Student: 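This is the structure I have questions about; it appears just below.
None of these values were measured; they are calculated from a predicted model. Every chain is numbered from 1, with letters handed out A, B, ... down the list of sequences. Quick note: numbers below take in every heavy atom, side chains included, and nothing from hydrogens, waters or symmetry partners.
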Amino acid sequence: MSDANSKPLNFLEQIIKQDIDSGTTTKLITRFPPEPNGYLHIGHAKSICLNFGLAEKFGGECNLRFDDTNPAKEELEYVESIKRDVAWLGFRWPGEVRYASDYFDQFYEWALHLIREGNAYVCHLTAEQAKEYRGWATQPGKPSPWRDRPVEENLADFEKMRAGEFDEGACVLRAKIDMASPNMNMRDPILYRIRKVSHHQTGDKWCIYPSYDFAHGQEDAIEGVTHSICTLEFADHRPLYEWLLNNLPVPMVPRQYEFARLELNYTVTSKRKLKQLVDEKRVDGWDDPRMPTISGMRRRGYTPASLRNFCDLIGVTKSGSTIDVGQLEYCVRDDLNNVAPRAMCVINPLKVTIRNMPAGETQTMKQPVHPNREEMGERELPFTREILIEQDDFTEDTSLSRKKFKRLVLGDYVRLRGAYVIKAEESIKNEAGEIVEVIATLVEGTVGENPPEDIKPRGVIHWVSATENVDCEVRLYDRLFNDPAPDAGDKNFLDALNPESLTVVKGCKGEIGLQFAQPEHAYQFEREGYFCIDAQYSNGSTLVFNRTIGLKDSWSDKV
RNA sequence: UGGGGUGUAGCCAAGCGGUAAGGCAGCGGGUUUUGAUCCCGUCAUGCGAAGGUUCGAAUCCUUCCACCCCAGCCA
């Protein structure tokens, strides 16, 4: 890293560097702690890149740990998807995946410890009563009548809770802190509640489960996490996080730091809302290519490199920010432009017959796989008397200026990419008046050569042989929401759903080499965009391509 | 309202008392057999506002304003 060109350290990197330089931290340990109650989305990608990235950068380690303290909302399917997504992004965790539930025995012991020390009690207030007792922002809460019971009674009741002798909601274990604290989290927060449901990891072993607050700091301490990084909304919990650590015989004391979560415009990043889209079948599952989930983006054709680069570019701060999706799209194009082999695919075909090309003859054109990367080799394109071009690439309107329409115009010339310059001689229409065929002539000697001085092609268009090609379906995606802030204020995000977020086009014709396309492998369809095989919809007989993202288009809105 | 957090360009974001980095978007131009890529140039007398300290303030002090978060037996 050169001093002049290296990226400035973000605030967390600065803190960590200081801790390492001063010897406060000998080895950095972080963790990514998702709750397995949904699929990971782009916002999680930021946290993943941050936590794992920090560990990589400072020679430390980052654990993958499931915060599975609420079995009512969690599922094994989510656990599996999360592991897959983190690994796909290219991150590795040391040893086995961790679970908060791995430590339930220890948490129980620590709960007993708090009770014995007079720092926790079993409270039999109902939820409604507890809410009343908690007070309001400007008014302090009042102590629960159960607050000062003898230790022995608390011990006995807590044991009954564990043994299942109380119904759900009958009572909870609370920390005894300060009912007058201006921080609501310190007004005797709940440590354990009764949940008579089986857990995806521990089965029916427990019917009481620790709260987030009673689990998180202790998990960090058990794992030796030095820097526990979470999002801003947990800043209010930090005093409680520290109180528990200071009142429990934990092996070490981690520090919590908060950063701003990622928000993207035209996007919803809320597991609850994404789950609603899935449950109500507004989309085709958590991995629908329109979803901002990691699995959806993977299926759409986004690459790990593009996501990681994106997370790198947006930075890490404490100021709430909404990033323009254009920034994400830039990262995807940037990576794909570099790595994607080029191919031609005609999405809405229009037949062109080359009059001066003999029927039955096939010429083989050669094109580089990538215009800027010779090492990727060449591909072969069969050129025949009948070819297909994009319907939008032909017009009879001869009044269009060369600047406004750089494609094929009746009576004018255009370059067929990687092949001849042709001239449109006439067009043939059906009864409905639609153009169904163009008759053209090719200009001899223009393969790889410029045409004579007097012939000026208007532009370059893509094409494919009408007889030697591969049939495919193309799925064109647009943003899922039309509103830049679909869930702002009291808006119903479903109202902002874009009815045209998916356009399925069948009967597209791709160049012959596309028959060997592999799932998740990106191609650039020249002049169209980046595409990849959809692993779910494609099978032996049908090829289905997802459009990951279109090419940058700096002209369509100007003409 | 009580507490917590944040305000630097259309969107992000450096800056840590010495005279506003960088990226995205935009705009102008060049190269180009992809209207792509690439290249060049341009884009804040200004840092939420007002005062103050200082030779000097986005950086320090004071007051004010705006926005976000918490007030679940969710995380």
Student: Would you mind classifying the nucleic acid contact of F405(A) as base, sugar-phosphate or nothing, using non-hydrogen atoms under 4.0 angstrom?
Tutor: base
Student: Scan residues 174-187 of chain A for pairs that pass salt bridge (charged side-chain N to carboxylate O under 4.0 Å, His left out), counting only residues two or more places apart or in two chains.
Tutor: D148(A)-K176(A)
Student: Which residues satisfy the ring-ring contact (aromatic ring centres under 6.0 Å, His included) test with F158(A), sequence neighbours excluded?
Tutor: Y108(A), Y192(A)
Student: Looking at Q14(A), I'd like to know whether one of its side-chain N or O atoms comes within less than 4.0 Å of OP1 or OP2 on G15(B).
Tutor: yes
Student: Holding to ring-ring contact (aromatic ring centres under 6.0 Å, His included), I want the full list of residues that pass it with Y266(A), two or more places apart in sequence or in another chain.
Tutor: none
Student: How does protein contact run along nucleotides 65-73 of chain B, one letter per nucleotide 5' to 3', with B for base contact, S for sugar-phosphate only, - for none, heavy atoms under 4.0 Å?
Tutor: ----BSBSB
Student: Got a sec, which residues hit ring-ring contact (aromatic ring centres under 6.0 Å, His included) with H199(A), two or more places apart in sequence or on another chain?
Tutor: F104(A), Y209(A)
Student: Return the pairing partner of C64(B) with a 3.5 Å limit on both distances, Watson-Crick or G-U wobble; otherwise return none.
Tutor: G48(B)
Student: Counting only Watson-Crick or G-U wobble pairs whose two distances fall under 3.5 Å, which nucleotide matches U42(B)?
Tutor: G26(B)
Student: Once side chain to side chain donor-acceptor pair (under 3.5 Å) is applied, what residue pairs with a partner in residues 160-170 of chain A remain, sequence neighbours excluded?
Tutor: E159(A)-R162(A)
Student: For G2(B), which nucleotide in any strand shown is its Watson-Crick or wobble partner with both distances under 3.5 Å?
Tutor: C70(B)
Student: Would you measure the distance from the C1' atom in G23(B) across to the matching atom in G15(B) and give it in whole Å?
Tutor: 16 Å
Student: Taking N or O atoms only and anything under 3.5 Å, show me the protein contacts with nucleotides 18-21 of chain B, one pair per line.
Tutor:
none

Student: Is the base of G35(B) stacked against the aromatic ring of W555(A), taking ring centres under 5.5 Å apart and planes under 30° as the test?
Tutor: yes
Student: Under the ring-ring contact (aromatic ring centres under 6.0 Å, His included) rule, collect the residues that match up with H44(A), sequence neighbours excluded.
Tutor: H41(A)
Student: Heavy atoms from C-beta onward define the side chain here; which of C11(B), C12(B), C74(B) lies closest to that of I314(A)?
Tutor: C12(B)
Student: Scan the side chains in residues 121-129 of chain A for donor-acceptor partners under 3.5 Å anywhere in the protein, sequence neighbours excluded, and list what turns up.
Tutor:
unit_1  : atom_1 : unit_2  : atom_2 : d
Y121(A) : OH     : D188(A) : OD2    : 2.6
H124(A) : NE2    : D157(A) : OD2    : 2.6
T126(A) : OG1    : Q129(A) : N      : 3.1
T126(A) : OG1    : Q129(A) : OE1    : 3.3
Q129(A) : OE1    : T126(A) : N      : 2.8

Student: Output the residues of residues 440-462 of chain A in contact with RNA chain B, where contact means a heavy atom of the residue under 4.0 Å from an atom of the strand; sort by number or write none.
Tutor: T446(A), V447(A), G448(A), E449(A), V460(A)
Student: Using both distances under 3.5 Å as the test, list the Watson-Crick or G-U wobble partner of A58(B), or none.
Tutor: none
Student: Which label fits G17(B), syn or anti, where anti is any glycosidic angle not within 90° of 0?
Tutor: anti
Student: Quick check on contacts: within residues 335-343 of chain A, what sits under 4.0 Å from RNA chain B by heavy-atom distance?
Tutor: N337(A), R342(A)
Student: Restricting to pairs with a member in residues 315-325 of chain A, which pass salt bridge (charged side-chain N to carboxylate O under 4.0 Å, His left out), not counting sequence neighbours?
Tutor: E258(A)-K318(A)
